[in-house]
Amino acid sequence: MNKIYKYQSDLDNISKVCNCPETEYFSFYQKEAFRFVFEDSEHPNNFSPPLKINPKRYLTKDDIEKCQALGLSLYGKKSGAIGRFEELILTFKKIKQVIGTHIAVGNISDKDGHITEEDEITHFDMYEFENSEINKKFAIIEEL
Amino acid sequence: MEKVKEILIPKNSLPKMIKIKDLIYFDGPLLSHFESIYKENFLFYWVDSNEKFNRWLIFRTTNQHISDYVGKKKSLFELISDENNGNLYKVDIDNDLEYNNLSIILFEDIPDSYLPEKNSFYTFNIINSDEELKSISEKENVGILQAYYNDSKKVGKGSIDLEIMAASLNDLSNINKGIRKAFINKEKANFNRSKVKNSKEKFDEHSLLLASSFNYFGNTSRSFGALFKPASEQSNFPNLISVEDRYIEFFIHFFEYSTNIEKFKAFIKEIDKNVIDNYKKLLTIINKSKIQFNLNYQNSSSNFKISKQISFTQAGEILNNINNLDYDNSHDIYLTGRFTALHLKTGHYQFETVSEDQKLVEMSSGYLDSDRKEMAWKIKWDKLYDVVISRHEEKKSGQKKPKVEDKIISFIELNKTITLSE
């Protein structure tokens, strides 16, 4: 299964320090997923991983962090996403301007990319394949 | 971004700082702990952004306050509003990590939208970052090995199921013992090969033993991470790979190569095969507990770092590889010690090393080769010998245990008598 990732050249650049994301992916076929997005469906940050969003929010130059930043943050459960947002907004009142203002749902499949295993709040990362267009699979369901 | 009442200061006004860890991370750091060269603790707190910059507030705090915050005893609002903090800074950081518009800002002038809520208690997982390991290595001035576990309900925030931890650390320790032996043997063989004839230079086995032994000294908190440092008092030189670094590289290669059967076969030629039994136990724990096992090493002085992760699915694949492993190889082992049993007719012997350090005592039993058998009558019980043992190990696919045969191919009596009670 040697698929080319959407950000393959970035992954190649960090391949000397980590084997991102090959050792991390979790097998699945289809899955419902939730993501924070902006209301404007054309907003460039809606389906961009952190490394492709400007200005980049970093405090150090670290290649391993870059690997995480090439994954798209998704949630397996709406409650997981809402819970995380409610935690963040208590501490960062302007968080919506970087993560998004709405929550969207979509069905992703193993043809879209590799995913990491869900953590305890159902968050996982997706490393999209070259031709993935998951933006077309998501629709807004409510405002944050 | 919000306009704030501020006093701009030169961009190099802050002391040099290193990141200890991210406390809150979502698609990048949001709250991070830094330490200055003067050992002061600072928090970088993200508050705003525009198309060019991310804006951060930076304030001094104490380790105790950070610990109280992470322990949910204090909110972030309490930390930032503490009147003992001293100056509060604001900085706009761009894509190149350049600090722009650094300023001092009074607490009462901070816009409300830049302040956390009064009940902003910590509800996040602490992030286990490379910077944390790097900063520990800098503080300790040695290379640091971290064994950490994640991706399982059995591994919590700074806690771990005791059975997983105890059993896996025991297996890791046994694996290290075997790999260490192979490393010392390899170094000894290299030393003997390159030694000038009649040179009085001695192989320093003891310091190599310390360089390849670890002392546990603490843990990191996200998931569960055990920290180890070499038992040696290594001298770190900038950008120079130390013997400890070289050992760790050898140690991690064992794990790395186990995912590729051909590479693994080549690597284990020189290694005591009991190590594989312990490795199988460790892999079974990883596989059955569905944890990810990670080894990370960093030496901030030599700038050497190496890591290896084994997920539970990979552990299953490696276990299959090991069960199907077949090998038939011989390697030489160099030991110094005494004979404890000898049958002059058959050439069967028992030999054990004599070492001040119990960790190095090694035993071998097998047969003398035909030339050595002829001279066996010369062997004295109270004399020390340098011996070379040819160890032949054979395992066929599906067999659980390898067949091991030792043969002494050289022994040299040393000019040293030992007391038999030694």
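This one's a predicted model, so the numbers in the text were calculated from it and none came from an experiment. Naming convention: chains lettered A, B, ... in sequence-line order (proteins, then strands); numbering from 1 in each chain.
When the candidates A/His123, A/Gln97, A/Lys93, A/Arg57 are compared by the number of heavy-atom contacts under 4.5 Å with chain B, A/Arg57 comes out ahead. When each of B/Phe53, B/Phe121, B/Trp56 is scored by its heavy-atom pairs under 4.5 Å with chain A, the top score falls to B/Trp56. Of the listed residues (B/Val47, B/Asp112, B/Thr259, B/Asp96), the one with the most heavy-atom contacts under 4.5 Å to chain A is B/Asp112. When each of B/Tyr114, B/Tyr45, B/Phe34 is scored by its heavy-atom pairs under 4.5 Å with chain A, the top score falls to B/Tyr45.
By the salt bridge (Lys or Arg N to Asp or Glu O under 4.0 Å) test, A/Lys52 pairs with A/Asp10, sequence neighbours left out. Among residues two or more places apart in sequence or in another chain, the ring-ring contact (aromatic ring centres under 6.0 Å, His included) test is passed with B/Tyr69 by B/Tyr122. With sequence neighbours left out, the side-chain contact (heavy atoms from CB on, under 4.5 Å) criterion links A/Ile95 to A/Phe85, A/Leu88, A/Ile89, A/Phe92, A/Val98, A/Ile99, B/Leu30, B/Trp46.
Enclosure of atom CD in A/Glu42 is not indicated, since only 12 or fewer non-hydrogen atoms of other residues, nucleotides or ligands lie within 6.0 angstrom. More than 12 heavy atoms of other residues, nucleotides or ligands shown are found within 6.0 angstrom of NZ on B/Lys11.
To the nearest 0.5 Å, the span separating CG on A/Leu90 from CG on B/Leu76 amounts to 11.0 Å. B/Ile93 CD1 to A/Tyr58 OH: the interatomic distance, rounded to the nearest 0.5 Å, is 13.5 Å.
For B/Asn119, the parts lying under 4.5 angstrom from a heavy atom of chain A are both the backbone and the side chain. Residue contact with chain A, scored on non-hydrogen atoms closer than 4.5 Å, is absent for B/Phe77.
Screening B/Leu31, B/Leu115, B/Ile24 against A/Thr91 for a side-chain contact (heavy atoms from CB on, under 4.5 Å) leaves a single residue, B/Ile24.
Residues of residues 70-79 of chain A lying under 4.5 angstrom from chain B, judged on non-hydrogen atoms, are A/Ser73, A/Tyr75 in numerical order.
Judged by distance alone, with hydrogens and angles left aside, the side-chain atoms of B/Asn54 form a donor-acceptor pair with the main-chain N or O of A/Lys56 at under 3.5 Å.
Among all heavy-atom pairs drawn from B/Ser32 and A/Leu59, the shortest one is OG-CD1, 3.4 Å. What you find for B/Ser113 and A/Lys94 is that their closest heavy atoms are OG-CE, 3.4 Å.
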